[in-house]
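Residue numbers run from 1 in the order of the sequence given.
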Amino acid sequence: MRKTPTRASSVSPRLRAALVAVAVAAISGSTLAATPATASPAPSAKAAPALDPTSFKGVNWADPRDNFADDLLQLSGLSTSDTYRQTYTKADRIISAFRANLGADTVRLPINPYTVDGAYWKSYRAVIDAASDRGFKVIVSYWEGTGARKDGFIDDQAAYWPMWDTVVKAYGNDRHVYFEPMNEPHGYTDTEWADIAAQWLSTYPKVPRDRVFVSGAGYNDHVTSVCADPRLKGTYLSLHHYGFWKSYATYDEWVADLKVRIGDCAGRTVADEFGAPMTTGLDYNVKTPDDNYVNYVQAVTDTFRELKMGSVYWPGLRTDDTYSLQKLVGDPDRPWLATTNRSGADRLAWAWGRGRPVAD
C-alpha cells in the first residue's frame, strides 16, 4: 500500500534509466544476466486456462511497516524469533479468524530476499503452509525495500531471481499458492514492466499461468496495458485502488474512475489492494454523499460485485493501521482477531457476492 502516489529516490534517474535499459535489452535478447541459468524460453502459445476472479475473497496480512523493509518481514502478530511450530500455531489461528470473522478464503503475503534467502525462511514458510492447509489461496508478492530503495524498481536483480527460485521450488506444486512478481512496479514504464512480467513467465514456464498475478502498471493502478500484452495471456491481473487518491469524489465518479482503470479486463482482474479507514467510526452501510470514503467504499464494492471481480482488502491485519479491518486480541501466543468495523466487513462481503445493499 502507498499512502501517496508520488515517488522519491536518492538514486540518480539517469542511473535507474540505464539499469532499466539493460534489463529490457536483456529481456528482448537473451536472459537477464542475473536470471538463473536454468531459465527457459517462453512456452509455445496454447489455449489460456479458464480464470475465475470471484474465487479470490481475501485480505492482506501485513508487516506493521507496510511491507517495505530492508530486513526480515515480520507480519503483525508474529515474531522473527519464533520457530516453525510457533509460527504455524499463530498463523493457523489468524487464518482461521479471517475465515470466521470475514468469510475470507484468500490471504496475500509479502516476500523479499532477506526473508526468503536466510534461516528465517523456514519459519516464514509456516504462514504459507498454515494458510494452504486451511484451504486458503495464498498470493505471495515481492515487495521492494524502504528508504532510497522505495522507488518502484526491483531492488537487486541478483537477489530477486534467486528469491523466486526458492519460492517457486517450494510451492510450485501447491495449487493453493499464487505468485505475484512485484507489488506496485511504478518505477517502470508500462512497456518495461510488461517485459519484466513476461521474463518472469519464461523463467518459470512450469508454473501454470492461472497461478500468476501480473500487477497492473504504475502503482498497480491500471491493468489495461498488461491485459493487452499477448505474452501475459492466461494470467490473473492485480489492481490497486484507494480512496485517498482523491480528496473528494461522488459515488458515480468513483465508479467511473475504477472502471477506466479496468477497461474490458474484469474477467482476469483481482483488486488485491483496496481500503479505507476502519477505526474512525464511519458507517459504510448508509449512503452519505458528502463523505468521500463512504462514496468510495460503496462504489468499489458495488463495482467488484457487478463486474464479478475478486477482491483482497488492505489490510485484513496490520498493527496500528487505521485501515485494518481486524485487530489482534487475546493471548499473543494464541492470537485471535476482532472486527474493527462491522459495516466495512459487510461491504467486503457484498463485494464477494454476499449480503445486502446499503441502506438509503
With the threshold set at 4.0 Å, does a side-chain nitrogen-carboxylate oxygen contact exist between D264 and K259? no
Residue set satisfying side-chain hydrogen bond (donor to acceptor under 3.5 Å, both in side chains) with S123, at least two apart, ordered chain then number -> none
Counterpart residues, side-chain contact (heavy atoms from CB on, under 4.5 Å), relative to P64 (two or more places apart): S76, T319
How far apart are the closest heavy atoms of G316 and V59, and which atoms are they? CA-CB, 3.5 Å
Ring centroid separation H240 to Y219 under 6.0 Å: no
Which is it for R108 and E273 under the salt bridge (Lys or Arg N to Asp or Glu O under 4.0 Å) test, yes or no, and what are the steps along the way? CA-CA 9 Å; R108 181 171 177 253; E273 279 193 30; 2.9 Å; yes
Using only atom types and a distance under 3.5 Å, with no angle test, would you say the side chain of N67 pairs donor to acceptor with the backbone of D63? yes
Any donor and acceptor pair, going by atom type alone, linking the side chain of N295 with main-chain N or O of A249 inside 3.5 Å? yes
Can you label the angle between the W245 ring and the Y242 ring as parallel, tilted or perpendicular, going by 30° and 60°? perpendicular
State which residues pass side-chain contact (heavy atoms from CB on, under 4.5 Å) with D331; sequence neighbours excluded, sorted by chain then number. D333, R334
By side-chain contact (heavy atoms from CB on, under 4.5 Å), P335 pairs with (sequence neighbours left out) K90, R93, I94, L328
Qualifying ring pair (Phe, Tyr, Trp, His ring centres under 6.0 Å) pairs, either residue in residues 285-305, two or more places apart: H241-Y296, W254-Y296, F274-F304
Between K169 and D165, is there a salt bridge with N-O shorter than 4.0 Å? no
Among Ile, Leu, Val, Met, Phe, Trp and Tyr joined by side-chain contacts under 4.5 Å, find the other residues sharing a cluster with V329 and list them by chain and number. W336
Can we say D195 and R231 salt-bridge, meaning some charged N sits less than 4.0 Å from an Asp/Glu carboxylate O? yes
For Y84, is the NZ or CZ atom of K122 found under 6.0 angstrom from the centre of its six-membered ring and inside 45 degrees of the ring axis? no
Among all residues two or more places apart in sequence or in another chain, which pass the side-chain hydrogen bond (donor to acceptor under 3.5 Å, both in side chains) test with S225? D190
side-chain contact (heavy atoms from CB on, under 4.5 Å) partners for R175, two or more places apart: none
Closest non-hydrogen atom pair, Q74 against R65: N-NH2, 4.2 Å
Which residues end up grouped with Y251 if you chain together Ile, Leu, Val, Met, Phe, Trp and Tyr wherever their side-chain heavy atoms are less than 4.5 Å apart? V255
With sequence neighbours left out, which residue pairs that include part of residues 274-297 fulfil the salt bridge (Lys or Arg N to Asp or Glu O under 4.0 Å) condition? K287-D360
Would you find a donor on one side and an acceptor on the other, under 3.5 Å apart, between the side chain of T303 and the backbone of A299? yes
What's in the same ILVMFWY side-chain cluster as W350, cut-off under 4.5 Å, chained through other members? none
If only atom types and distance count, is the side chain of R211 paired as donor or acceptor with the main-chain N or O of H176 below 3.5 Å? no
Please list, chain by chain and in numerical order, all residues satisfying side-chain hydrogen bond (donor to acceptor under 3.5 Å, both in side chains) with R268, sequence neighbours excluded. T235
Between Y188 (side chain only) and I154 (backbone N and O only), is there a donor and an acceptor less than 3.5 Å apart? yes
Flag yes if more than 12 heavy atoms outside K327 fall under 6.0 Å of its NZ atom; otherwise flag no. no
